[in-house]
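Take a look at the structure set out below.
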Amino acid sequence: MDFKLFVFWLFALILIGAAVGVITTRNPVQAALFLVLAFFNSAIIWMLMEAEFLSITLVLVYVGAVMVLFLFVVMMLDINLLPQREGFTKYLPWGGLVGAAIVVQMIILIRVKWGSTEDYPAPVPKEAGYSNTEELGLAIYTDYLFQFEVAAMILLVAIIAAIALTMRRRPDTKYQTPGEQVQVKKEDRLRVVSMEAEK
Amino acid sequence: MGFFAGLWLLIWTVIKILMIVVPLLLCVAYLTYAERKVIGAIQVRKGPNRVGFAGLLQPIADVLKLLTKEVLVPTNSNRFLFLIAPILSLAPAFAAWAVIPFSDTKVLADVNAGLLYVLALTSLGVYGVIIAGWASNSKYAFLGAMRSAAQIVAYEIAMGFALVGVLMVGGSLNLGDIVRAQEGSIFHWFWLPLFPLFIVYFISGVAETNRAPFDVAEGESEIVAGFHVDYSGMAFALFFLAEYANMIMIAALAVIMFLGGWLSPVPFIPDGIGWFCAKTAFMLFFFLWFRATFPRYRYDQIMRLGWKVFIPVTIVWLTVEAVAILLEISPWFDLRAA
């Protein structure tokens, strides 16, 4: 077996195992850690397809930042583990239906010929100097500039909305204003009294 | 490629990895010695001076002590995660060294996206801290982990933006090319045109490595030793190793991106790996100096510095830089052309 194929199967299997782990494990922190493993393995599979920019960005953004926040939240929650299982059989058919729909859609989308990989030849390896970061940048900032800007605008609106929704003014909290702290003079804090020496 | 050619490549790569890891471990050992000596000198005392000549064997003695101690696993902790956490914190600290160019030719993996790779790996180090804090089943450790998670997310954004500035003038993600773009003399290095980003990067680096004055994840006076309060023996030593390896890493990256890597500061002295090491040692001194000088930040002060000071500073400077590049204003435009 080709070494590349071996690596693909190895990490694809770990990826599937981790994905199953996310939904089967009872502990939410362990589920989040399984998700981290899944992200990491899909990054490796992207790397095999020579998409190094996307692959490293997946690790940097999702594993390095998003999942850290996820874990932060999940660890703070005090989830009672038992009641979670109660609705399992009740919702199973619906879950199965949604899952099946997703699989059918994906099959239609990529038009898999069952058991044959002819339609999907392996990508031709690029020469050593090829930088797909540059190619991606060129594509985003020339051909897809409008879509890119629209996406950026939507994200900006989402950020502002999220801040507006969670911001609470609490007037009774004591907090410092560093600007005022920095500008404090000696006269504001200290009073020098000249007095007679005591005997 | 034949079987033996493949085997030889494998052996040669392993030898090269050892050539990086073994000196790195020695550097970590003697960085702990240097730290105790430097802080000793700042506080007008001697520091370690009993084991070997002038205390030079002290790190070796410490390692032996830690090796022979028992590794305790607390009750009701998650055993697997508890034991894997130190490894998760050490592995990224070492793996990131694969793309560091020590001189013009000496680099293990000369990859195109080197800068991204380094950023991704340094961001993974936090998992060791979080998992250790959670798996220990202890409130102090948990508090340390929570603090660390919030802190690292805040400072990573500032750090990433600072590196975007380097990328804009360097014109490449390859660390070797970034150094080559700084060719010339000390005034061609990126620290001068990117001075605010240099400061932001280095302070964020101190925060990312959980060093004083940003060491709230450990915070001896409030939460004992933070995330590693329940670790002992070699498991504790791995956290220690990771922290110091990360310090050297941040210093080396600052040297590569802002201080011209292996390049010599004046044109008539030849370049070489010696310059790289000397500059890294110079940056490392700041870590020790900070620790001996500044009191620990309060938690809300850390958050304020990260989100409300550093991120705006980097965004403003990126705008300045972009305009300068667009209008072809020296020195930014010159650097890009180089």
Exercise. Do you know which of V63(A), V36(A), T57(A) has the most heavy-atom pairs with chain B at a distance under 4.5 angstrom?
Worked result: V63(A)
Exercise. When heavy-atom pairs shorter than 4.5 Å are enumerated against chain B, which of V68(A), V59(A), V61(A), L58(A) gives the highest number?
Worked result: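 Looking at each of V68(A), V59(A), V61(A), L58(A) in turn, V68(A) comes out on top.
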Exercise. Angle class for the F239(B)/Y231(B) ring planes (parallel below 30°, perpendicular above 60°, tilted otherwise)?
Worked result: perpendicular
Exercise. So which bits of residues 302-312 of chain B come within less than 4.5 Å of chain A, counting non-hydrogen atoms only?
Worked result: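 The residues closer than 4.5 Å to chain A, in numerical order, are R304(B).
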For this session: Tell me the residues of residues 115-134 of chain B whose non-hydrogen atoms fall below 4.5 Å from those of chain A, in number order.
Result: L116(B), Y117(B), L119(B), A120(B), S123(B), L124(B), V126(B), Y127(B), I130(B), I131(B), W134(B)
I'd like to know if the side chain of [X] reaches the main chain of [Y], judged simply by a donor and an acceptor atom lying under 3.5 Å from each other, with no hydrogens or angles considered.
| X | Y | answer |
| --- | --- | --- |
| S148(B) | G144(B) | no |
| D188(A) | V184(A) | no |
| E321(B) | M168(B) | no |
| N246(B) | A242(B) | yes |
| S136(B) | S138(B) | no |

Exercise. Quick one: what part of D300(B) sits under 4.5 Å from any heavy atom of chain A, side chain, backbone, both or neither?
Worked result: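 Only the side chain of D300(B) comes within 4.5 Å of chain A.
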For this session: Could you look at A145(B) and say if it's the side chain, the backbone, both or neither that has a heavy atom under 4.5 Å from chain A?
Result: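 No part of A145(B) comes within 4.5 Å of chain A.
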For this session: With sequence neighbours excluded, give me every salt bridge (charged side-chain N to carboxylate O under 4.0 Å, His left out) pair touching residues 121-133 of chain B.
Result: none
Exercise. Any salt bridge (charged side-chain N to carboxylate O under 4.0 Å, His left out) pairs touching residues 146-162 of chain B, not counting sequence neighbours?
Worked result: R147(B)-E222(B)
Exercise. Are F40(A) and F11(A) near enough that their ring centres are under 6.0 Å apart?
Worked result: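 No; F11(A) has its ring centre 6.0 Å or more from that of F40(A).
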Problem set entry | Verdict with reasoning, D177(B) to R180(B), per salt bridge (charged side-chain N to carboxylate O under 4.0 Å, His left out) | CA-CA 5 Å; D177(B) 287 344; R180(B) 275 173 219 113; 2.8 Å; yes
Exercise. Around F161(B), counting heavy atoms of other residues, nucleotides and ligands shown, do more than 12 lie under 6.0 Å from its CZ?
Worked result: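 12 or below, so no.
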